[in-house]
Amino acid sequence: MDHVGQQAHAWPRSAAVFGASGGIGRALCDGLAACGTQVIHAGSRAGTDPAGAGMRPFAFDLTDEATIAAAAEAMRDDPPEWVIIATGVLTLADGAGPERTYKRLDAAAMAEVFALNTIGPALIAKHILPLMPRGRRFVFAALSARVGSISDNRLGGWHSYRASKAALNMLIKNLALELARTHPEGVIAGLHPGTVDSALSQPFQSNLPDGQLTAPGDAAGNLLGVLARLGPEQSGQVFDFRGEQVPA
């Protein structure tokens with residue numbers, strides 16, 4: 001299995017995190033700041049936090065393309081060098097969780113999961129990628145999940161979540177292939193953070209083996225380390241928190 005190389009690239013002067021109010025997103029903002037990133041565009045629905053030196057909160061809604069377009073336009077004059085989409089949904093707001101059987105599939109619930117896990121990140125790419133430089137390295141990454149791997153699927157179930165992440169992984173591959181023609185130094189990647197102690201995993205933590213749950217700060221540090229070592233030759237792939245490639 002491919003593994004991320006050990007050579008780290010220059011740390012970004014500026015970055016953008018979409019989903020900065022979530023457990024991983026907030027930790028990513030903190031991690032970037034701790035490593036010297038001077039400007040961090042921190043996006044959330046409220047658009048009010050995290051606050052602090054270098055943080056530039058902005059509001060966006062994954063289901064409202066106009067808000068995504070407005071956020072990108074506000075960054076046009078000084079585009080971020082790294083963009084990380086730290087959004088995602090496993091259990092919906094009404095409490096509907098991942099389906100354990102096809103008999104529980106619901107069209108409306110499935111559409112909502114795809115809107116948040118696949119379509120929203122695709123729209124962020126639509127408006128952010130045109131801002132990226134053609135002649136130097138940039139990073140565009142989105143949180144994915146190992147359960148989005150088709151070849152690694154041995155249990156089934158969680159139909160909407162698995163399918164939405166598999167679709168996200170395909171978009172990452174498509175974007176990488178398209179951008180490589182005009183932006184040969186760019187890196188577009190998916191990230192599997194592991195099981196993180198966050199609102200997303202909260203309903204499913206009781207049966208986890210000891211040591212499998214990762215604190216948000218540790219998860220963010222792992223992911224930022226992976227991004228720092230990715231090169232253009234690895235664009236289009238999905239990597240876990242160890243830097244190992246997740247199979248398609």
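These numbers were taken from a predicted model, which means no experiment stands behind them. All values below were derived from every heavy atom in this structure, side-chain atoms included, with hydrogens, water molecules and symmetry-related copies excluded.
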So which atom in [X] and which in [Y] form the shortest heavy-atom distance, rounded to 0.1 Å?
{"X": "Pro232", "Y": "Val187", "result": "N-CG2, 3.8 Å"}
{"X": "Val113", "Y": "Ser164", "result": "CG1-OG, 3.6 Å"}
{"X": "Ala42", "Y": "Ala20", "result": "CB-CB, 3.6 Å"}
{"X": "Val196", "Y": "Pro216", "result": "CG1-CA, 3.8 Å"}
{"X": "Pro247", "Y": "Arg146", "result": "CD-NH1, 4.2 Å"}
{"X": "Pro193", "Y": "Ala219", "result": "O-CB, 4.4 Å"}

Donor-acceptor check, side chain of [X] to backbone of [Y], threshold 3.5 angstrom: yes or no?
{"X": "Glu81", "Y": "Arg13", "answer": "yes"}
{"X": "Thr195", "Y": "Leu213", "answer": "no"}
{"X": "Ser235", "Y": "Ala176", "answer": "no"}
{"X": "Arg56", "Y": "Ile40", "answer": "no"}
{"X": "Thr101", "Y": "Arg104", "answer": "no"}

Evaluate the criterion side-chain contact (heavy atoms from CB on, under 4.5 Å) for residue pair Leu227 and Ile84; output intermediate values, then yes/no. CA-CA 10 Å; Leu227 292 182; Ile84 307 175; 3.7 Å; yes

Indicate if Val39 and Phe138 have the same hydrophobic cluster label, given that clusters are the connected sets of ILVMFWY residues with side-chain heavy-atom separations under 4.5 angstrom.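 No; tracing contacts between hydrophobic side chains, which count when under 4.5 Å, never links both residues.
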
Joint cluster assignment, Met170 & Val238, ILVMFWY side-chain distance < 4.5 Å: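 Hydrophobic grouping puts Met170 apart from Val238.
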
Any carboxylate oxygen within less than 4.0 angstrom of a Lys/Arg side-chain nitrogen, looking at [X] and [Y]?
{"X": "Lys126", "Y": "Glu65", "answer": "yes"}
{"X": "Arg154", "Y": "Asp152", "answer": "yes"}
{"X": "Arg45", "Y": "Asp64", "answer": "no"}

Not counting sequence neighbours, list each pair that qualifies as a side chain to side chain donor-acceptor pair (under 3.5 Å) and has a residue in residues 169-182.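 Checked against side chain to side chain donor-acceptor pair (under 3.5 Å) - neighbours excluded - the pairs reaching residues 169-182 are Ser144-Asn169.
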
Nearest-0.5 Å distance, [atom1] of residue [X] to [atom2] of residue [Y]:
{"X": "Leu92", "Y": "Asp106", "atom1": "CG", "atom2": "CG", "value": "9.5 Å"}
{"X": "Arg134", "Y": "Glu185", "atom1": "CZ", "atom2": "CD", "value": "13.5 Å"}
{"X": "Leu223", "Y": "Ile24", "atom1": "CG", "atom2": "CD1", "value": "6.5 Å"}
{"X": "Ile68", "Y": "Asp61", "atom1": "CD1", "atom2": "CG", "value": "7.5 Å"}
{"X": "Gln38", "Y": "Leu32", "atom1": "CD", "atom2": "CG", "value": "12.5 Å"}
{"X": "His183", "Y": "Leu129", "atom1": "NE2", "atom2": "CG", "value": "8.0 Å"}

Do [X] and [Y] make a side-chain contact, defined as non-hydrogen atoms from C-beta onward lying under 4.5 Å apart?
{"X": "Val226", "Y": "Arg242", "result": "no"}
{"X": "Asp49", "Y": "Ser21", "result": "yes"}
{"X": "Asn117", "Y": "Leu168", "result": "no"}
{"X": "Arg137", "Y": "His9", "result": "yes"}
{"X": "Val17", "Y": "Ile85", "result": "no"}
{"X": "Leu179", "Y": "Phe140", "result": "no"}
{"X": "Ile172", "Y": "Gln237", "result": "no"}
{"X": "Leu28", "Y": "Leu224", "result": "yes"}

Pairs involving residues 14-42, ordered by first then second residue, that meet ring-ring contact (aromatic ring centres under 6.0 Å, His included) (sequence neighbours left out):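 Sorted result for residues 14-42: Phe18-Phe58, Phe18-Phe60.
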
Run the side chain to side chain donor-acceptor pair (under 3.5 Å) check on Ser160 and Glu99 step by step: do they pass? CA-CA 7 Å; Ser160 297; Glu99 318 93 343; 2.5 Å; yes

Sequence neighbours left out, what passes side chain to side chain contact (heavy atoms under 4.5 Å, CB included) with [X]? Give chain and number order.
{"X": "Leu171", "answer": "Thr118, Ala122"}
{"X": "Asn222", "answer": "Phe241"}
{"X": "Ala69", "answer": "His127"}

Would you check, one step at a time, whether the test side-chain contact (heavy atoms from CB on, under 4.5 Å) holds for Val246 with Phe239? CA-CA 5 Å; Val246 176; Phe239 295 91; 5.9 Å; no

Tracing side-chain links under 4.5 Å among I, L, V, M, F, W and Y, which residues wind up in one group with Leu105?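 Cluster partners of Leu105: Tyr102, Met110, Phe114.
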
Evaluation steps, side-chain contact (heavy atoms from CB on, under 4.5 Å), between His192 and Val147: CA-CA 9 Å; His192 167 62; Val147 296; over 6 Å; no

side-chain contact (heavy atoms from CB on, under 4.5 Å) assessment of Gln245 paired with Asp240: CA-CA 6 Å; Gln245 184 182 352; Asp240 71 10; over 6 Å; no

